[in-house]
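Written below as structure tokens is the structure these notes are about.
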Amino acid sequence: MEGGTSLDGYSNPDKEAADTLEAILKGVETVLAFHKECEEAEKEWKNPLPRKLEEQVKCGADVYQRGMQYDWPINKDFTADIGLQAVLGYAKTLHIHCSWKYHVSFVRQEANVYRYRIDFTQPSRTRPIPFVATVFFELTTSDVEINQVSVKFVLERRTVTYSPREIFFRESWLKEILEAKTKLYQAVDFL
């Protein structure tokens, strides 16, 4: 008997059942591995200021509220590096799918205004080098040392400025940017 067929040409129900059970077990193993990855990511999210400057967003617990309640640094002793770590820490609180990867970088400083950018991307098997959606952050310090810095962000291709203390960051914004870039790329004829 090979391939689940008996000598008389009829299928072997025991072999088919074993194959089905094996497929189910593989599916369960995949789900368990995914949940384990999410649990590990949740542990990483408990540290608001990660050690690395380049991170990837991982799946984890629902941290939707944490984005608005994030503790931004105070004006006293604020530096560009502290701001970079704060923007990176905020990025870890975003409620986005774990397939999103990002990189935070310092852009420039103008007087008491510090500018940063987060480049979000969603690589896949079919597009390992995908388009990038950029979010620009502006942290402004003041003379009042005990206050938190003022934080605003603006999405690429948009003119509306948002405050992370007043609005939830939405994953759909990133998807819209990537979809627009994909449509533009498809509309252009390359020679």
Side-chain angles (χ1 to χ4, degrees), residues 23 26-27 29-42 44-45 48-50 52-70 72 80 83-110 113-140 151-191:
K26 284 183 181 179
E29 288 173 359
T30 303
V31 169
L32 291 175
F34 175 76
H35 284 292
K36 183 178 179 181
E37 178 183 328
C38 289
E39 287 174 3
E40 290 171 4
E42 182 179 356
E44 286 182 23
W45 280 6
L49 297 178
K52 295 184 204 172
L53 295 182
E54 186 173 322
E55 293 280 335
Q56 56 184 34
V57 178
K58 305 250 182 190
C59 292
D62 186 358
V63 290
Y64 216 44
Q65 280 289 71
R66 284 179 55 191
M68 289 181 74
Q69 298 171 353
Y70 184 74
W72 291 95
L84 183 69
Q85 291 296 320
V87 172
L88 187 59
Y90 174 75
K92 291 181 79 67
T93 67
L94 298 179
H95 187 73
I96 57 178
H97 190 268
C98 63
S99 63
W100 287 97
K101 311 292 183 233
Y102 66 87
H103 175 78
V104 180
S105 58
F106 175 69
V107 178
R108 69 179 175 273
Q109 175 187 353
E110 297 171 356
V113 178
Y114 297 80
R115 299 183 196 285
Y116 302 88
R117 67 185 282 163
I118 305 178
D119 294 321
F120 289 92
T121 186
Q122 203 170 26
S124 64
R125 288 182 185 175
T126 58
R127 188 171 285 237
I129 303 175
F131 295 114
V132 174
T134 303
V135 181
F136 298 95
F137 278 79
E138 186 177 280
L139 280 65
T140 307
V151 182
K152 299 176 190 173
F153 67 88
V154 64
L155 300 156
E156 172 185 0
R157 299 174 169 247
R158 297 214 180 156
T159 57
V160 179
T161 302
Y162 301 101
S163 170
R165 293 184 180 106
E166 298 171 1
I167 191 162
F168 291 120
F169 188 92
R170 291 175 176 79
E171 180 180 8
S172 62
W173 295 339
L174 300 175
K175 289 180 180 178
E176 289 169 6
I177 293 170
L178 294 185
E179 287 172 6
K181 286 184 176 184
T182 302
K183 287 179 183 176
L184 178 66
Y185 180 78
Q186 291 170 346
V188 174
D189 289 331
F190 294 99
L191 297 176

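For an aromatic pair to be called close, the ring centres must be under 6.0 Å apart, and F131 with Y185 satisfies this.
Between F137 and W72, the ring planes are tilted. Angles from 30° to 60° get that label.
In this view, R117 and D119, T134 satisfy the side chain to side chain donor-acceptor pair (under 3.5 Å) rule, not counting sequence neighbours. With sequence neighbours excluded, the residues satisfying ring-ring contact (aromatic ring centres under 6.0 Å, His included) with Y114 are F78. E179 meets the side chain to side chain donor-acceptor pair (under 3.5 Å) test with no other residue; sequence neighbours excluded. With sequence neighbours excluded, no residue satisfies side chain to side chain donor-acceptor pair (under 3.5 Å) with Q186. Partners of K175 according to the side chain to side chain donor-acceptor pair (under 3.5 Å) rule, which considers only residues two or more places apart in sequence or in another chain, do not exist here. For F136, the ring-ring contact (aromatic ring centres under 6.0 Å, His included) criterion is met by no residue, not counting sequence neighbours.
Interatomic distance, Q122 CD to E171 CD, rounded to the nearest 0.5 Å: 6.5 Å.
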**Prompt:** What do the steps show when you test Y102 against L174 for side chain to side chain contact (heavy atoms under 4.5 Å, CB included), and what is the final call?
**Reply:** CA-CA 11 Å; Y102 66 87; L174 300 175; over 6 Å; no

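Atom NZ of K181 sits in a crowded spot, with more than 12 heavy atoms from other residues, nucleotides or ligands closer than 6.0 Å.
At a threshold of 4.5 Å between non-hydrogen side-chain atoms, the residues V154 and K152 do not count as touching.
For the ring-ring contact (aromatic ring centres under 6.0 Å, His included) test with Y162, the passing option among F168, F169, W173 is W173; the others fail.
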